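First the structure, in the form of structure tokens, and then the observations on it.
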There are 2 protein chains.
Amino acid sequence: MSERTAVEPVQACPIAPVVDLVFSRWTTPILWTLNEYGRQRFVELERRIGVITPKVLTQRLRQLERDGLVQRTYFPEVPPRVEYEITDLGRSLAPLFHSLAEWSPNLAKVEESRAHYDTHEPPHRRP
Amino acid sequence: MSERTAVEPVQACPIAPVVDLVFSRWTTPILWTLNEYGRQRFVELERRIGVITPKVLTQRLRQLERDGLVQRTYFPEVPPRVEYEITDLGRSLAPLFHSLAEWSPNLAKVEESRAHYDTHEPPHRRP
DNA sequence: CTGTATCCCAAGGGATACTG
DNA sequence: CAGTATCCCTTGGGATACAG
């Protein structure tokens, strides 16, 4: 047969797995809070994040625990106490978060672009 | 009244807006492909990304265009030609992607952690 | 080629209530 | 306090067909 594809399909970009791990829903605020405020209890996390429900917070914490980014410690007291802490592996994401934060000022340009896009005639688009 | 909250609620972590912008579904592979292979046509993007449907690709490209991360250029020919290119603003994300890629080797540790988690008795958990 | 238009569907998240 | 258990419901993505 002839050369079929001048363009070879690329399954996924190489950073996709990391993105899935670190930037799936709720993981960023959780990790950021744990990194910022240190070891804390379930209810503290819940309050700091503000809008998350306990069900979802539990789900995410379990996932992060399984992934080795968060350490869970149980104290058999009454009332029960559980503390969550970011691990060394989790902390190794700090430079990444730092990069994110450093890019933040560019959000202003994004806002500009959106405003321009929304107020001008679009380039050619189908009727 | 008394001091109510020793723990102040935090709406969201400061990097959340950037995360929403850059790491929403499909945006990473699209930006990465544009950054890696340069200016290209719709169908090239479609093939390189591999599994995305035209509907979703269009949606994402429009969003990225509005956000100022991607530039769309229309050529009134027959058949029609449209080329997409990453903008300077989009390219300014490259260091971020680089940080991601640098962290990738740690995925092995994540895998280890998962394997350990799945094969061992969990710490205290409700019956 | 470059998209649009529909229909559909599951998956995940919110709300709420409850337990050890 | 630290979760579980249900129910519900939106949202977004896949499949498909079609148009300029």
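Quick caveat, the model's predicted, so the values are computed rather than measured.
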Over how many whole Å does the gap from [X] atom [atom1] to [N] atom [atom2] extend?
X      : N      : atom1 : atom2 : answer
B/D20  : D/dT11 : CG    : C1'   : 15 Å
A/I52  : D/dT4  : CD1   : P     : 14 Å
B/E46  : D/dG13 : CD    : C1'   : 15 Å
A/L57  : C/dA15 : CG    : P     : 15 Å
B/I49  : C/dT2  : CD1   : C1'   : 15 Å
A/E77  : D/dC1  : CD    : C1'   : 11 Å
B/H124 : D/dT4  : NE2   : P     : 9 Å
A/L61  : D/dA2  : CG    : C1'   : 11 Å

Legend entry - For the student: nearest non-hydrogen atoms of A/C13 and A/P17, plus distance: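 Scanning both residues completely, I find the closest heavy atoms to be O-CD, 4.1 Å.
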Inset, instruction - Please determine if A/E44 and A/R47 form a salt bridge, counting it only when a charged side-chain N lies under 4.0 Å from a carboxylate O. - result: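 Salt bridge absent between A/E44 and A/R47.
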Legend entry - SB check A/K109 A/E112 (cutoff 4.0 Å):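 Not counted as a salt bridge, because no side-chain N and carboxylate O are separated by less than 4.0 Å.
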Inset, instruction - Would you please classify the geometry between the B/F23 ring and the A/F23 ring as parallel, tilted or perpendicular, with 30° and 60° separating the classes? - result: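 Plane angle under 30°, so parallel.
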Given [options], identify the nucleotide with an atom nearest to the side chain of [X].
X     : options               : value
B/R41 : D/dA2, C/dT2, D/dG3   : C/dT2
B/R62 : C/dG13, C/dT4, D/dG14 : C/dT4
B/T53 : C/dG3, D/dG13, D/dG14 : D/dG14
A/R25 : C/dG14, D/dA2, D/dG14 : C/dG14
B/V43 : D/dT4, C/dC1, D/dC1   : C/dC1
B/V56 : D/dC1, C/dC1, D/dG14  : D/dG14

For [X] and [N], is the shortest distance between a side-chain N/O and OP1 or OP2 below 4.0 Å?
X     : N      : result
B/Y84 : C/dG3  : yes
A/R60 : C/dG13 : yes
A/R47 : D/dA2  : no
B/R72 : C/dG3  : yes

Inset, instruction - Taking the side chain as every heavy atom from C-beta outward, state whether A/L100 and A/T28 have any pair of such atoms under 4.5 Å apart. - result: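 Counting from C-beta outward, A/L100 and A/T28 never come under 4.5 Å.
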Legend entry - Residue closer to the 5' end of DNA chain D, B/Q59 versus B/P54 (nearest nucleotide):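 By nearest-heavy-atom nucleotide position, the 5'-most residue is B/Q59.
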Legend entry - C/dG14 base / A/K55 side chain donor-acceptor hit below 3.5 Å: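 Counting by modelled atom types and ignoring angles, a donor-acceptor contact under 3.5 Å is found here.
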Inset, instruction - Determine the contact category for B/F75: base if any of its heavy atoms lies under 4.0 Å from a base atom, sugar-phosphate if only primed atoms, P, OP1 or OP2 are that close, otherwise nothing. - result: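 If one applies the 4.0 Å heavy-atom cut-off, B/F75 turns out to touch nothing in the nucleic acid.
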Inset, instruction - Could you tell me whether the side chains of A/Q59 and A/R62 share a donor-acceptor contact shorter than 3.5 Å? - result: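 No - no donor-acceptor pair under 3.5 Å links their side chains.
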